[in-house]
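Structure, as structure tokens:
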Amino acid sequence: MNNIVGSVSRRTLLKTGAALGGGIIAAGMPLSQTIWAAEGKVLKARAFRELLTLDPGFYGGVADVDVMNCIYSKLTHFKPGTEWGWDLEAAEKIEPVDPTHIRFRLKKGIKFTGGYGELTAKDVKFSFERIIKHKSPVATEWGPLDHVELEDDYTGVIVFKTPFAPAWLISLPYGVGHIVSEDAVMKATGDGSSFGVKPPAFSGPYVIAEWKANEHLLLTRNPDWSGPKPGFDEIRILPIGDEKAAERAYQAGDIDFTRISLDSLASLKTNPPADTTVEEHASLSYTWLGMNLDHPKLKDINVRKAVQWAINVPQILDAAYAGQATVATGLIAPGLVGHRDKALVPPEGDLAKAKEFLEKAGVSDLTLTLDCLNDSTKSTIAQVIQAQLSQIGITVDVKVQDSGSFWTIGSEADGDRWKDMQLIIIEYTMLPDPYYATSSFVSEQVGVWNWQRFSSKHFDELNEKALALDDPSERAKLYREMQDLMEESGAYRFLTHGGTPVMYRTTQIQAATRPDGVPLYLEFKPV
């Protein structure tokens, strides 16, 4: 991929690729205006999966947000470094008025592409309120948002029905905080609903020049951008699901920044590639084995308890992460509000107890399916679980899938596959407020992000109550109880938070990441 243009000029390749090869171009923008960066400094990075959407109001995960950070503007953004914090971006000023009101004032001169004019408070109001209006799958990230009041073209007040502490570390600096053009989105959609993978206008330092699914995404400088100039003329992002494959791509020079596998960490630290820095970051992500509560084979809680107790988590981590990962006690990582000291089911499980639960269920010769991603880590986890469950007489059929297929399994909006889903290995990303994790498992998220179809009125009440609390110790009690409820349902076996080691080529880039190792491409600098 580092020889992508061959003997043809990059400008020619991009024009023909975008027009004929499935490239995604902002509506109303001539190619000659969109794709203008012919040569210059290029950042080559790896994404761990293909894009799901480019609409921030309906985004699908961190891989989408990494790109959105480059092509849209937000009021604030995460700071790079080792401590969680935020800086102003599109906002000239932002401050709390009281526990339910946040006032912002925009910087002047931020423009949308395609002739859609200046970014104003009207666009902020539209961007935030459309997420609630259209009941987006990520609407919970705005919590009790009520509306945005406009004071003038550049000033507005974000109004919540009740206090919402996570706004500062979830809503504003991350996915749902991106601002889109009201005029452009209404023209493209008619009603302000999702525009999917076709942005009608950009407002960030970069625009999308070309996107070829499962091959590469190319970002080039936005000619309408008047803010601070980012370091690179182009950003090329290659979707590589398997971390071992990403490490090989790095060795080949196809990428200059990538997350690496934990089982490669020790060897890469000892013997890194030439001109390479290897960094370790504590991950906030959480990986677990989930069970579909609505599947006939898993309706009986005794069957689910048998699965929970048959799983030996340290064995899994030794095999899949070479002992470099620690056991998770729940959704919430160490250091965050609500972290549990230990899970209800011990890490090693108990085969004798697992067999007792299976006998109580009156089940024998049970066969279950286990879905997982086709990367080496998740495949190894699946194989170990398959072997562990065989020890109590459960046969497991492992179904390995690519990311495009996997990430629609439990979604009701994507068909009826959720009805056949039984066991599944999932990893979700996380932000530094516990609400980001727990909000995916409330009842209204069943069939959206809540693939286990876990529904607890008490859980929902606790989740709502925790939002309005200022005292971290009081919030922590509620979040620990919520994780207990999840585990008691039998639908979850928490595995690990993993880690986010990364490596990058020091002759090409100065990397910049969040504290958890997630890249902030706008902060990268060329060498």
Side-chain angles (χ1 to χ4, degrees), residues 26-29 53-59 65 68-77 86 88-98 100-136 138-139 141-161 164 167-168 170-196 198-207 222-227:
M29 293 186 66
T53 178
L54 288 168
D55 188 331
F58 300 81
Y59 80 92
V65 178
M68 293 173 190
N69 288 338
C70 300
I71 62 176
Y72 304 118
S73 296
K74 304 183 297 297
L75 295 177
T76 66
H77 64 260
W86 54 268
L88 297 174
E89 188 174 303
E92 179 179 270
K93 184 178 182 180
I94 189 167
E95 60 186 356
V97 179
D98 57 43
T100 58
H101 294 75
I102 298 173
R103 176 176 281 109
F104 65 88
R105 181 165 182 81
L106 291 169
K107 297 173 181 176
K108 296 180 180 179
I110 301 173
K111 294 181 180 179
F112 287 110
T113 57
Y116 285 105
E118 190 176 15
L119 188 157
T120 67
K122 176 177 69 76
D123 298 300
V124 177
K125 176 181 176 68
F126 171 77
S127 299
F128 296 173
E129 290 182 4
R130 72 188 276 257
I131 298 171
I132 307 301
K133 176 182 177 181
H134 291 282
K135 299 179 180 179
S136 162
V138 292
E141 292 176 28
W142 270 116
L145 175 68
D146 190 71
H147 67 282
V148 178
E149 294 178 355
L150 300 182
E151 297 187 346
D152 57 41
D153 286 346
Y154 300 100
T155 309
V157 178
I158 303 167
V159 182
F160 295 95
K161 298 171 187 174
F164 186 55
W168 297 98
I170 294 180
S171 318
L172 293 169
Y174 197 56
V176 296
H178 289 93
I179 304 162
V180 295
S181 164
E182 178 178 11
D183 293 342
V185 173
M186 290 302 293
K187 181 178 179 181
T189 66
D191 62 357
S193 58
S194 176
F195 53 76
K198 297 182 179 180
F202 304 111
S203 64
Y206 291 92
V207 298
N222 179 357
D224 293 328
W225 176 250
S226 60

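Applying the side-chain hydrogen bond (donor to acceptor under 3.5 Å, both in side chains) test to T155 and every residue at least two apart in sequence or in another chain returns R105, D152. Applying the side-chain hydrogen bond (donor to acceptor under 3.5 Å, both in side chains) test to Y72 and every residue at least two apart in sequence or in another chain returns nothing. Looking at residues two or more places apart in sequence or on another chain, you find no ring pair (Phe, Tyr, Trp, His ring centres under 6.0 Å) involving F195.
Using a cut-off of 4.0 Å between Lys/Arg side-chain N and Asp/Glu carboxylate O, E129 and K133 are scored as not salt-bridged.
Atom CG of L54 is separated from atom OH of Y59 by 14.0 Å, given to the nearest 0.5 angstrom. Rounded to the nearest 0.5 Å, atoms OG1 (T100) and CZ (F160) are 9.0 Å apart. With rounding to the nearest 0.5 angstrom, the NE2 atom of H77 is 10.5 Å from the CH2 atom of W86. Remark: E118 CD to L106 CG distance equals 8.5 Å, nearest 0.5 Å. Rounding to the nearest 0.5 Å gives a distance of 12.5 Å between CD1 of I179 and CZ of F126. Here the straight-line distance linking atom OG1 of T76 with atom CD1 of I94 works out to 6.0 Å at 0.5 Å rounding.
For the pair G175 and P56, the tightest heavy-atom approach, listed with the atom from each and the gap, is O-CB, 3.4 Å. The shortest non-hydrogen separation linking K74 to P173 is CE-O, 3.0 Å. Taking both residues in full, the closest heavy atoms of F112 and D224 are given as O-OD2, 4.3 Å, listed atom of the first, atom of the second, then distance. The two residues T53 and M68 have their closest heavy-atom pair at O-CE, 3.5 Å. Taking both residues in full, the closest heavy atoms of F128 and G177 are given as CE2-O, 3.6 Å, listed atom of the first, atom of the second, then distance. In terms of heavy-atom proximity, K125 sits nearest to V148 at NZ-O, 2.8 Å.
Looking at K107, its side chain does come within 3.5 Å of a backbone N or O of E89 through a donor-acceptor pair. At least one donor-acceptor pair under 3.5 Å links the side chain of S171 to the backbone N or O of E141. The backbone N or O of K161 lies less than 3.5 Å from no partner atom in the side chain of D146, so there is not a single donor-acceptor pair. Put simply, the side chain of D123 never gets that close to the backbone of S181: no donor and acceptor are under 3.5 Å apart.
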After noting the C-alpha distance and the side-chain angles of F164 and L145, does the key distance pass the side chain to side chain contact (heavy atoms under 4.5 Å, CB included) rule?
CA-CA 8 Å; F164 186 55; L145 175 68; over 6 Å; no
Apply side chain to side chain contact (heavy atoms under 4.5 Å, CB included) to residues S73 and L119 and explain how you reach the verdict.
CA-CA 9 Å; S73 296; L119 188 157; 4.1 Å; yes
Dump the intermediate steps for side chain to side chain contact (heavy atoms under 4.5 Å, CB included) on E149 and H147, then the final yes or no.
CA-CA 7 Å; E149 294 178 355; H147 67 282; 3.1 Å; yes
Where do D55 and K198 land on the side chain to side chain contact (heavy atoms under 4.5 Å, CB included) test, with the steps shown first?
CA-CA 8 Å; D55 188 331; K198 297 182 179 180; over 6 Å; no
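By the 6.0 Å contact criterion, NZ on K187 is open, its count of non-hydrogen atoms from other residues, nucleotides or ligands being 12 or less. Counting non-hydrogen atoms of other residues, nucleotides and ligands closer than 6.0 Å to NZ of K111 gives a total of 12 or fewer.
Between L75 and I102, every side-chain heavy-atom pair lies at or beyond the 4.5 Å cut-off. Residues V180 and Y116 form no side-chain contact, since every pair of their non-hydrogen atoms from C-beta on lies 4.5 Å or further apart.
D191 and S193 share a side-chain donor-acceptor pair at under 3.5 Å.
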